[in-house]
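All values reported here derive from a predicted model rather than from experimental measurement. So that the names make sense, note that chain A is the first sequence line, chain B the second, and so on, each numbered from 1.
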There are 2 protein chains.
Amino acid sequence: MTEKLDRRQLRTKQLLRQALLSIVETKGFDGITVSELAQAAGINRGTFYLHYSDVPHMVESIHSEMMNGLQAIMEEVDINELFTVPVTKEPYRVVVRVLEYMELHTDYFKVTLGPKGDTSILLQLKKMLQKQMYSKLTFLFPDAEMSPFPLDYLIAYASSANIGIIQHWFETGCKLRPKEVASLMLRILQQGPRGSIGLS
Amino acid sequence: MTEKLDRRQLRTKQLLRQALLSIVETKGFDGITVSELAQAAGINRGTFYLHYSDVPHMVESIHSEMMNGLQAIMEEVDINELFTVPVTKEPYRVVVRVLEYMELHTDYFKVTLGPKGDTSILLQLKKMLQKQMYSKLTFLFPDAEMSPFPLDYLIAYASSANIGIIQHWFETGCKLRPKEVASLMLRILQQGPRGSIGLS
DNA sequence: GTTATTATTGAACACTATGTTGATTAGTGA
DNA sequence: TCACTAATCAACATAGTGTTCAATAATAAC
(Lines give C-alpha, C1' and ligand atoms only; values in the text may rest on other atoms or scores of the structure.)
Protein backbone atom coordinates (compact mmCIF):
# COMPACT_ATOMS: atom_id res chain seq x y z
CA MET A 1 0.00 0.00 0.00
CA THR A 2 2.16 2.80 1.34
CA GLU A 3 5.49 2.11 -0.32
CA LYS A 4 6.61 5.72 -0.66
CA LEU A 5 9.46 6.88 1.47
CA ASP A 6 11.39 9.74 -0.08
CA ARG A 7 11.37 12.65 2.36
CA ARG A 8 11.03 15.13 -0.49
CA GLN A 9 7.80 13.59 -1.71
CA LEU A 10 6.35 13.46 1.76
CA ARG A 11 7.35 17.04 2.35
CA THR A 12 5.69 18.40 -0.78
CA LYS A 13 2.58 16.31 -0.19
CA GLN A 14 2.30 17.70 3.32
CA LEU A 15 2.86 21.25 2.07
CA LEU A 16 0.21 20.75 -0.60
CA ARG A 17 -2.26 19.29 1.86
CA GLN A 18 -1.81 22.16 4.29
CA ALA A 19 -2.09 24.70 1.48
CA LEU A 20 -5.25 23.05 0.16
CA LEU A 21 -7.04 22.97 3.50
CA SER A 22 -6.00 26.54 4.19
CA ILE A 23 -7.41 27.70 0.87
CA VAL A 24 -10.57 25.62 1.19
CA GLU A 25 -11.24 27.18 4.56
CA THR A 26 -11.57 30.60 3.03
CA LYS A 27 -13.02 29.98 -0.45
CA GLY A 28 -14.27 26.42 -0.45
CA PHE A 29 -13.35 23.54 -2.73
CA ASP A 30 -14.39 25.31 -5.91
CA GLY A 31 -12.26 27.37 -8.19
CA ILE A 32 -8.94 26.42 -6.67
CA THR A 33 -6.14 26.79 -9.21
CA VAL A 34 -2.95 24.81 -9.37
CA SER A 35 -1.09 28.09 -9.45
CA GLU A 36 -2.39 29.44 -6.15
CA LEU A 37 -2.02 26.02 -4.58
CA ALA A 38 1.63 25.80 -5.59
CA GLN A 39 2.28 29.34 -4.45
CA ALA A 40 0.59 28.79 -1.08
CA ALA A 41 2.59 25.61 -0.61
CA GLY A 42 5.78 27.30 -1.71
CA ILE A 43 6.55 24.78 -4.40
CA ASN A 44 6.99 24.93 -8.13
CA ARG A 45 3.80 24.71 -10.15
CA GLY A 46 5.17 21.86 -12.22
CA THR A 47 5.90 19.85 -9.11
CA PHE A 48 2.20 19.61 -8.43
CA TYR A 49 1.74 17.53 -11.57
CA LEU A 50 4.35 15.05 -10.35
CA HIS A 51 1.90 14.10 -7.59
CA TYR A 52 -1.59 14.81 -8.87
CA SER A 53 -3.01 15.09 -12.35
CA ASP A 54 -5.44 17.72 -11.34
CA VAL A 55 -6.89 19.70 -8.45
CA PRO A 56 -9.99 17.48 -8.31
CA HIS A 57 -7.68 14.48 -8.27
CA MET A 58 -5.81 15.84 -5.27
CA VAL A 59 -9.05 16.60 -3.47
CA GLU A 60 -10.34 13.13 -4.20
CA SER A 61 -7.07 11.64 -3.00
CA ILE A 62 -7.24 13.38 0.37
CA HIS A 63 -10.90 12.48 0.70
CA SER A 64 -10.05 8.81 0.19
CA GLU A 65 -7.42 8.82 2.91
CA MET A 66 -9.86 10.16 5.47
CA MET A 67 -12.73 7.98 4.36
CA ASN A 68 -10.62 4.85 4.56
CA GLY A 69 -9.70 5.74 8.11
CA LEU A 70 -13.35 6.14 8.96
CA GLN A 71 -14.40 3.01 7.12
CA ALA A 72 -12.02 0.88 9.14
CA ILE A 73 -13.67 2.03 12.33
CA MET A 74 -17.20 1.97 10.98
CA GLU A 75 -17.01 -1.68 10.07
CA GLU A 76 -17.09 -2.57 13.72
CA VAL A 77 -20.36 -0.77 14.36
CA ASP A 78 -23.32 -2.76 15.56
CA ILE A 79 -26.51 -0.82 15.09
CA ASN A 80 -28.47 -3.56 16.76
CA GLU A 81 -26.82 -2.65 20.01
CA LEU A 82 -27.54 1.01 19.35
CA PHE A 83 -31.25 0.26 19.23
CA THR A 84 -31.55 -2.24 22.02
CA VAL A 85 -28.97 -1.32 24.62
CA PRO A 86 -30.42 1.06 27.22
CA VAL A 87 -28.87 4.43 27.98
CA THR A 88 -25.73 3.99 29.99
CA LYS A 89 -23.04 6.35 31.13
CA GLU A 90 -20.71 4.79 28.57
CA PRO A 91 -21.96 5.65 25.09
CA TYR A 92 -21.54 3.26 22.25
CA ARG A 93 -17.85 2.56 21.81
CA VAL A 94 -17.50 2.64 18.03
CA VAL A 95 -19.34 5.93 17.77
CA VAL A 96 -16.89 7.40 20.23
CA ARG A 97 -13.97 6.11 18.22
CA VAL A 98 -15.36 7.61 15.01
CA LEU A 99 -15.75 10.96 16.71
CA GLU A 100 -12.26 10.72 18.16
CA TYR A 101 -10.88 10.04 14.69
CA MET A 102 -12.69 13.07 13.34
CA GLU A 103 -11.47 15.27 16.16
CA LEU A 104 -7.93 14.06 15.52
CA HIS A 105 -8.26 15.28 11.93
CA THR A 106 -10.09 18.48 12.81
CA ASP A 107 -8.25 20.46 10.15
CA TYR A 108 -9.83 18.29 7.48
CA PHE A 109 -13.30 17.64 8.87
CA LYS A 110 -14.06 21.13 10.07
CA VAL A 111 -13.84 22.39 6.49
CA THR A 112 -15.34 19.44 4.63
CA LEU A 113 -18.35 19.24 6.93
CA GLY A 114 -18.69 23.02 7.17
CA PRO A 115 -20.40 25.64 5.01
CA LYS A 116 -17.65 25.62 2.37
CA GLY A 117 -17.53 21.86 2.46
CA ASP A 118 -17.96 19.11 -0.07
CA THR A 119 -21.31 17.54 -0.89
CA SER A 120 -19.80 14.27 -2.02
CA ILE A 121 -18.07 13.75 1.32
CA LEU A 122 -21.23 14.38 3.28
CA LEU A 123 -22.90 11.88 0.99
CA GLN A 124 -20.22 9.24 1.48
CA LEU A 125 -20.40 9.69 5.20
CA LYS A 126 -24.15 9.34 5.11
CA LYS A 127 -23.92 6.24 2.94
CA MET A 128 -21.56 4.68 5.47
CA LEU A 129 -24.06 5.20 8.24
CA GLN A 130 -26.94 4.03 6.08
CA LYS A 131 -25.19 0.84 5.08
CA GLN A 132 -24.71 -0.14 8.71
CA MET A 133 -28.22 0.85 9.67
CA TYR A 134 -29.74 -1.01 6.76
CA SER A 135 -28.07 -4.32 7.50
CA LYS A 136 -29.11 -4.16 11.13
CA LEU A 137 -32.63 -2.96 10.51
CA THR A 138 -33.34 -5.64 7.95
CA PHE A 139 -32.16 -8.07 10.58
CA LEU A 140 -34.71 -6.68 13.01
CA PHE A 141 -37.38 -6.57 10.28
CA PRO A 142 -36.64 -9.40 7.85
CA ASP A 143 -39.89 -8.68 6.07
CA ALA A 144 -39.80 -5.01 5.20
CA GLU A 145 -43.58 -4.91 5.35
CA MET A 146 -43.48 -5.64 9.06
CA SER A 147 -42.28 -2.14 9.82
CA PRO A 148 -45.08 0.39 10.26
CA PHE A 149 -42.67 3.01 8.92
CA PRO A 150 -40.82 2.85 5.55
CA LEU A 151 -37.32 1.75 6.45
CA ASP A 152 -35.63 3.73 3.70
CA TYR A 153 -37.11 6.96 5.01
CA LEU A 154 -36.23 6.02 8.56
CA ILE A 155 -32.64 5.43 7.55
CA ALA A 156 -32.51 8.66 5.58
CA TYR A 157 -33.83 10.45 8.63
CA ALA A 158 -31.52 8.93 11.21
CA SER A 159 -28.35 9.14 9.15
CA SER A 160 -28.89 12.78 8.25
CA ALA A 161 -29.78 13.57 11.82
CA ASN A 162 -26.55 12.15 13.21
CA ILE A 163 -24.50 13.93 10.58
CA GLY A 164 -26.29 17.10 11.61
CA ILE A 165 -25.11 16.59 15.17
CA ILE A 166 -21.54 16.03 14.04
CA GLN A 167 -21.66 19.14 11.88
CA HIS A 168 -22.95 21.17 14.78
CA TRP A 169 -20.21 19.76 16.96
CA PHE A 170 -17.52 21.08 14.60
CA GLU A 171 -19.44 24.29 13.98
CA THR A 172 -19.29 25.06 17.70
CA GLY A 173 -15.58 24.38 17.89
CA CYS A 174 -15.68 20.81 19.26
CA LYS A 175 -16.44 22.09 22.76
CA LEU A 176 -17.88 18.75 23.83
CA ARG A 177 -15.83 15.60 24.27
CA PRO A 178 -16.43 12.78 21.77
CA LYS A 179 -18.00 10.77 24.57
CA GLU A 180 -20.49 13.52 25.32
CA VAL A 181 -21.47 13.88 21.66
CA ALA A 182 -21.92 10.14 21.35
CA SER A 183 -24.07 10.24 24.44
CA LEU A 184 -26.30 12.91 22.90
CA MET A 185 -26.63 10.90 19.70
CA LEU A 186 -27.60 7.81 21.66
CA ARG A 187 -30.16 9.58 23.80
CA ILE A 188 -31.92 11.33 20.95
CA LEU A 189 -31.91 8.18 18.84
CA GLN A 190 -33.58 6.25 21.62
CA GLN A 191 -35.96 8.80 23.03
CA GLY A 192 -36.67 10.84 19.93
CA PRO A 193 -36.65 14.62 19.69
CA ARG A 194 -39.76 15.09 21.85
CA GLY A 195 -38.81 12.60 24.50
CA SER A 196 -35.33 13.99 24.89
CA ILE A 197 -36.63 17.39 25.92
CA GLY A 198 -39.04 15.93 28.39
CA LEU A 199 -42.33 16.11 26.47
CA SER A 200 -44.61 13.11 26.80
CA MET B 1 -38.82 44.19 -7.80
CA THR B 2 -39.42 42.48 -11.13
CA GLU B 3 -39.49 45.43 -13.51
CA LYS B 4 -37.99 43.63 -16.49
CA LEU B 5 -40.24 42.88 -19.40
CA ASP B 6 -38.36 42.69 -22.67
CA ARG B 7 -39.14 39.31 -24.19
CA ARG B 8 -35.56 38.94 -25.41
CA GLN B 9 -34.12 39.19 -21.93
CA LEU B 10 -36.64 36.75 -20.53
CA ARG B 11 -35.92 34.35 -23.35
CA THR B 12 -32.16 34.31 -22.84
CA LYS B 13 -32.54 34.06 -19.07
CA GLN B 14 -34.78 31.05 -19.48
CA LEU B 15 -32.38 29.48 -21.96
CA LEU B 16 -29.48 30.07 -19.58
CA ARG B 17 -31.37 28.64 -16.64
CA GLN B 18 -32.30 25.50 -18.52
CA ALA B 19 -28.75 25.11 -19.78
CA LEU B 20 -27.32 25.56 -16.30
CA LEU B 21 -29.57 22.99 -14.65
CA SER B 22 -28.93 20.56 -17.47
CA ILE B 23 -25.17 20.92 -17.07
CA VAL B 24 -25.32 20.78 -13.28
CA GLU B 25 -27.25 17.55 -13.45
CA THR B 26 -24.34 15.81 -15.14
CA LYS B 27 -21.23 17.49 -13.72
CA GLY B 28 -22.36 19.45 -10.67
CA PHE B 29 -22.04 23.14 -9.93
CA ASP B 30 -18.26 23.17 -10.16
CA GLY B 31 -16.15 23.91 -13.17
CA ILE B 32 -18.94 25.23 -15.35
CA THR B 33 -17.57 27.61 -17.97
CA VAL B 34 -19.34 30.54 -19.54
CA SER B 35 -18.46 29.09 -22.91
CA GLU B 36 -20.19 25.76 -22.44
CA LEU B 37 -23.12 27.50 -20.79
CA ALA B 38 -23.56 29.85 -23.75
CA GLN B 39 -23.20 27.00 -26.20
CA ALA B 40 -25.70 24.81 -24.36
CA ALA B 41 -28.14 27.70 -24.25
CA GLY B 42 -27.55 28.52 -27.89
CA ILE B 43 -26.63 32.13 -27.23
CA ASN B 44 -23.56 34.23 -27.80
CA ARG B 45 -20.93 34.06 -25.09
CA GLY B 46 -20.87 37.82 -24.75
CA THR B 47 -24.61 37.90 -24.14
CA PHE B 48 -24.08 36.02 -20.89
CA TYR B 49 -22.20 39.00 -19.48
CA LEU B 50 -25.15 41.29 -20.24
CA HIS B 51 -27.07 39.37 -17.55
CA TYR B 52 -24.54 38.00 -15.11
CA SER B 53 -21.02 39.03 -14.19
CA ASP B 54 -19.93 35.53 -13.60
CA VAL B 55 -21.03 31.89 -13.39
CA PRO B 56 -21.11 32.00 -9.57
CA HIS B 57 -23.20 35.15 -9.82
CA MET B 58 -25.72 33.39 -12.03
CA VAL B 59 -25.84 30.40 -9.71
CA GLU B 60 -26.32 32.68 -6.72
CA SER B 61 -29.05 34.53 -8.55
CA ILE B 62 -31.05 31.38 -9.27
CA HIS B 63 -30.52 30.20 -5.72
CA SER B 64 -31.99 33.44 -4.41
CA GLU B 65 -35.12 33.11 -6.50
CA MET B 66 -35.85 29.67 -5.13
CA MET B 67 -34.94 30.53 -1.55
CA ASN B 68 -37.20 33.58 -1.59
CA GLY B 69 -40.05 31.39 -2.72
CA LEU B 70 -39.40 29.02 0.15
CA GLN B 71 -38.90 31.78 2.68
CA ALA B 72 -42.31 33.23 1.95
CA ILE B 73 -43.92 29.92 2.79
CA MET B 74 -41.66 29.13 5.72
CA GLU B 75 -42.58 32.31 7.54
CA GLU B 76 -45.99 30.88 8.21
CA VAL B 77 -44.66 27.82 9.96
CA ASP B 78 -45.58 27.23 13.56
CA ILE B 79 -43.25 24.74 15.14
CA ASN B 80 -45.22 24.89 18.33
CA GLU B 81 -48.06 23.17 16.56
CA LEU B 82 -45.62 20.62 15.13
CA PHE B 83 -44.62 19.58 18.61
CA THR B 84 -47.98 19.68 20.34
CA VAL B 85 -50.61 18.75 17.79
CA PRO B 86 -51.25 15.01 17.77
CA VAL B 87 -50.91 12.92 14.65
CA THR B 88 -53.84 13.50 12.38
CA LYS B 89 -54.64 12.41 8.88
CA GLU B 90 -53.94 15.96 7.73
CA PRO B 91 -50.21 16.67 8.16
CA TYR B 92 -49.03 20.12 9.03
CA ARG B 93 -50.18 22.48 6.31
CA VAL B 94 -47.12 24.64 5.84
CA VAL B 95 -44.84 21.65 5.56
CA VAL B 96 -47.06 20.35 2.80
CA ARG B 97 -46.92 23.67 1.02
CA VAL B 98 -43.12 23.76 1.23
CA LEU B 99 -42.93 20.27 -0.23
CA GLU B 100 -45.39 21.19 -2.96
CA TYR B 101 -43.27 24.21 -3.84
CA MET B 102 -40.20 22.01 -4.06
CA GLU B 103 -41.97 19.45 -6.17
CA LEU B 104 -43.15 22.22 -8.47
CA HIS B 105 -39.52 23.20 -9.04
CA THR B 106 -38.25 19.63 -9.23
CA ASP B 107 -35.76 20.51 -11.96
CA TYR B 108 -33.96 22.81 -9.54
CA PHE B 109 -34.25 20.98 -6.24
CA LYS B 110 -33.45 17.50 -7.48
CA VAL B 111 -30.00 18.66 -8.50
CA THR B 112 -29.26 21.11 -5.68
CA LEU B 113 -30.27 18.66 -2.98
CA GLY B 114 -28.67 15.71 -4.76
CA PRO B 115 -25.15 14.29 -4.87
CA LYS B 116 -23.88 16.97 -7.24
CA GLY B 117 -25.65 19.64 -5.27
CA ASP B 118 -24.63 22.79 -3.51
CA THR B 119 -23.54 22.87 0.13
CA SER B 120 -24.54 26.49 0.63
CA ILE B 121 -28.12 25.78 -0.40
CA LEU B 122 -28.43 22.85 1.96
CA LEU B 123 -27.07 25.12 4.66
CA GLN B 124 -29.53 27.92 3.89
CA LEU B 125 -32.38 25.45 3.94
CA LYS B 126 -31.22 24.09 7.25
CA LYS B 127 -30.84 27.58 8.69
CA MET B 128 -34.41 28.34 7.67
CA LEU B 129 -35.69 25.32 9.58
CA GLN B 130 -33.45 26.06 12.54
CA LYS B 131 -34.60 29.66 12.82
CA GLN B 132 -38.21 28.56 13.10
CA MET B 133 -37.43 25.77 15.50
CA TYR B 134 -35.33 27.98 17.71
CA SER B 135 -37.95 30.65 18.17
CA LYS B 136 -40.56 28.10 19.06
CA LEU B 137 -38.38 26.02 21.32
CA THR B 138 -37.19 29.00 23.31
CA PHE B 139 -40.86 29.79 23.76
CA LEU B 140 -41.44 26.34 25.21
CA PHE B 141 -38.25 26.58 27.26
CA PRO B 142 -37.70 30.26 28.14
CA ASP B 143 -34.85 29.26 30.38
CA ALA B 144 -32.53 27.22 28.23
CA GLU B 145 -31.34 25.37 31.32
CA MET B 146 -34.79 23.88 31.78
CA SER B 147 -34.25 21.51 28.87
CA PRO B 148 -32.55 18.26 29.82
CA PHE B 149 -31.09 18.21 26.33
CA PRO B 150 -28.98 21.00 24.77
CA LEU B 151 -31.36 22.85 22.47
CA ASP B 152 -28.75 23.72 19.89
CA TYR B 153 -27.92 20.05 19.38
CA LEU B 154 -31.60 19.16 19.30
CA ILE B 155 -32.20 21.74 16.59
CA ALA B 156 -29.16 20.59 14.62
CA TYR B 157 -30.48 17.05 14.84
CA ALA B 158 -34.06 17.75 13.86
CA SER B 159 -33.29 20.14 11.02
CA SER B 160 -30.75 17.82 9.42
CA ALA B 161 -33.09 14.90 9.85
CA ASN B 162 -35.93 16.56 8.01
CA ILE B 163 -33.63 17.67 5.22
CA GLY B 164 -32.49 14.07 4.99
CA ILE B 165 -36.06 13.00 4.42
CA ILE B 166 -36.56 15.59 1.72
CA GLN B 167 -33.33 14.54 0.03
CA HIS B 168 -34.43 10.93 0.08
CA TRP B 169 -37.78 11.94 -1.35
CA PHE B 170 -36.10 13.50 -4.41
CA GLU B 171 -33.53 10.71 -4.59
CA THR B 172 -36.33 8.19 -5.02
CA GLY B 173 -38.04 10.22 -7.72
CA CYS B 174 -40.71 11.94 -5.63
CA LYS B 175 -42.83 8.78 -5.59
CA LEU B 176 -44.73 9.90 -2.48
CA ARG B 177 -47.16 12.79 -2.44
CA PRO B 178 -46.12 15.90 -0.48
CA LYS B 179 -48.84 15.07 2.03
CA GLU B 180 -47.42 11.61 2.61
CA VAL B 181 -43.88 12.93 3.10
CA ALA B 182 -45.11 15.56 5.54
CA SER B 183 -46.94 12.83 7.39
CA LEU B 184 -43.75 10.79 7.72
CA MET B 185 -41.86 13.82 8.98
CA LEU B 186 -44.52 14.49 11.56
CA ARG B 187 -44.68 10.91 12.79
CA ILE B 188 -40.97 10.47 13.19
CA LEU B 189 -40.61 13.86 14.84
CA GLN B 190 -43.22 12.94 17.40
CA GLN B 191 -42.48 9.30 18.04
CA GLY B 192 -38.74 9.26 17.41
CA PRO B 193 -36.87 6.74 15.29
CA ARG B 194 -37.43 3.84 17.69
CA GLY B 195 -41.05 4.57 18.38
CA SER B 196 -41.92 4.89 14.73
CA ILE B 197 -40.83 1.35 13.96
CA GLY B 198 -42.75 -0.05 16.87
CA LEU B 199 -40.01 -0.59 19.46
CA SER B 200 -40.87 0.30 23.03
C1' DG C 1 31.80 9.58 1.91
C1' DT C 2 30.96 8.63 -2.72
C1' DT C 3 27.72 7.63 -6.19
C1' DA C 4 23.68 6.53 -8.68
C1' DT C 5 19.03 7.78 -8.42
C1' DT C 6 15.26 10.75 -8.56
C1' DA C 7 12.40 14.70 -6.86
C1' DT C 8 12.28 19.44 -7.71
C1' DT C 9 13.10 23.53 -10.26
C1' DG C 10 12.58 26.99 -13.94
C1' DA C 11 11.61 28.22 -18.47
C1' DA C 12 9.19 27.54 -22.59
C1' DC C 13 5.21 25.87 -25.23
C1' DA C 14 0.38 25.63 -27.30
C1' DC C 15 -4.18 25.74 -25.68
C1' DT C 16 -8.46 27.16 -23.48
C1' DA C 17 -11.35 30.28 -21.01
C1' DT C 18 -11.90 34.86 -19.30
C1' DG C 19 -13.88 39.51 -19.26
C1' DT C 20 -14.04 43.62 -22.04
C1' DT C 21 -14.70 46.60 -26.11
C1' DG C 22 -16.75 48.52 -30.39
C1' DA C 23 -19.42 48.17 -34.44
C1' DT C 24 -23.33 45.84 -36.44
C1' DT C 25 -27.74 43.45 -36.69
C1' DA C 26 -32.28 42.55 -35.31
C1' DG C 27 -36.26 42.46 -32.17
C1' DT C 28 -39.29 45.18 -29.09
C1' DG C 29 -42.43 48.65 -27.14
C1' DA C 30 -44.86 52.80 -27.84
C1' DT D 1 -43.07 53.78 -38.27
C1' DC D 2 -39.34 54.84 -35.20
C1' DA D 3 -36.48 55.25 -31.21
C1' DC D 4 -34.50 52.07 -28.14
C1' DT D 5 -31.82 48.37 -26.77
C1' DA D 6 -30.83 43.29 -26.60
C1' DA D 7 -28.15 40.15 -29.01
C1' DT D 8 -24.36 39.13 -32.17
C1' DC D 9 -19.69 38.87 -33.91
C1' DA D 10 -14.81 39.67 -33.96
C1' DA D 11 -10.87 41.11 -31.60
C1' DC D 12 -8.06 41.77 -27.56
C1' DA D 13 -5.00 41.25 -23.37
C1' DT D 14 -4.85 38.35 -19.47
C1' DA D 15 -4.52 34.21 -16.76
C1' DG D 16 -4.51 29.36 -15.89
C1' DT D 17 -3.67 24.77 -17.95
C1' DG D 18 -0.97 20.62 -18.79
C1' DT D 19 3.32 19.24 -20.92
C1' DT D 20 8.28 19.04 -22.03
C1' DC D 21 13.21 19.59 -21.26
C1' DA D 22 17.62 20.57 -19.27
C1' DA D 23 19.63 21.77 -14.98
C1' DT D 24 19.86 21.42 -9.98
C1' DA D 25 19.48 19.60 -5.51
C1' DA D 26 18.29 16.17 -2.11
C1' DT D 27 18.11 11.47 -1.03
C1' DA D 28 19.02 6.42 -0.38
C1' DA D 29 22.10 2.80 -0.80
C1' DC D 30 26.35 1.08 -1.11
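- Not a single donor-acceptor pair, N or O on each side, falls under 3.5 Å between the base of dA7(D) and the side chain of R8(B).
- Between dT8(C) and T12(A), a contact under 4.0 Å exists linking OP1 or OP2 to a side-chain N or O.
- Of the candidates dA17(C), dA7(D), dG18(D), the closest approach to any side-chain atom of R45(A) belongs to dG18(D).
- Checked for salt-bridge contact, E171(B) and K127(A) meet the test: a charged N lies under 4.0 Å from a carboxylate O.
- Salt bridge status for E100(B) with R177(B): absent, with no side-chain N to carboxylate O gap under 4.0 Å.
- If you measure from atom CG of L10(B) to atom P of dT5(D), you get 16 Å, rounded to the nearest angstrom.
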- Task: Show the numbers, then the answer: is there a side chain to side chain contact (heavy atoms under 4.5 Å, CB included) between V59(A) and H63(A)?
- Result: CA-CA 6 Å; V59(A) 171; H63(A) 281 342; 3.4 Å; yes
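- Atom CD in Q9(B) sits roughly 15 Å away from atom C1' in dT8(D) (whole-Å rounding).
- With rounding to whole Å, F48(B) atom CZ is found 11 Å from dT20(C) atom P.
- Comparing dT17(D), dG19(C), dT8(D) against the side chain of D54(B) picks out dG19(C) as the nearest.
- Here dT6(C) presents its P atom at 17 Å from CZ of R7(A), a figure rounded to the nearest Å.
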- Audit row: F48(A), T12(A), side chain to side chain contact (heavy atoms under 4.5 Å, CB included) steps and yes/no: CA-CA 8 Å; F48(A) 174 89; T12(A) 54; over 6 Å; no
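- Between dG19(C), dG18(D), dG29(C), one nucleotide has an atom nearer to the side chain of Y49(A) than all others, and that is dG18(D).
- Closest approach to the I43(B) side chain among dT8(D), dT28(C), dG19(C) is made by dT8(D) (side chain taken as heavy atoms from C-beta onward).
- The separation between H51(B) atom NE2 and dT8(D) atom C1' is 12 Å, rounded to whole Å.
- Within the structure, every side-chain polar atom (N or O) of S35(B) is placed at least 4.0 Å from both OP1 and OP2 of dT16(C).
- Checking dG10(C), dT28(C), dT17(D) against the side-chain heavy atoms of D6(B) singles out dT28(C) as nearest.
- Contact check on K27(B) versus E36(B) returns a salt bridge, with a Lys/Arg side-chain nitrogen under 4.0 Å from an Asp/Glu carboxylate oxygen.
- One interatomic measurement links the two molecules: CG of L50(B) to P of dG19(C), which rounds to 14 Å at whole-angstrom precision.
- One atom, CD of Q39(A), and another, C1' of dG16(D), lie 13 Å apart when rounded to the nearest Å.
- Rounding to whole angstrom units, CG of residue N44(B) and P of dT18(C) are separated by 13 Å.
- In terms of phosphate contacts, T47(A) brings a side-chain nitrogen or oxygen within less than 4.0 Å of OP1 or OP2 of dT9(C).
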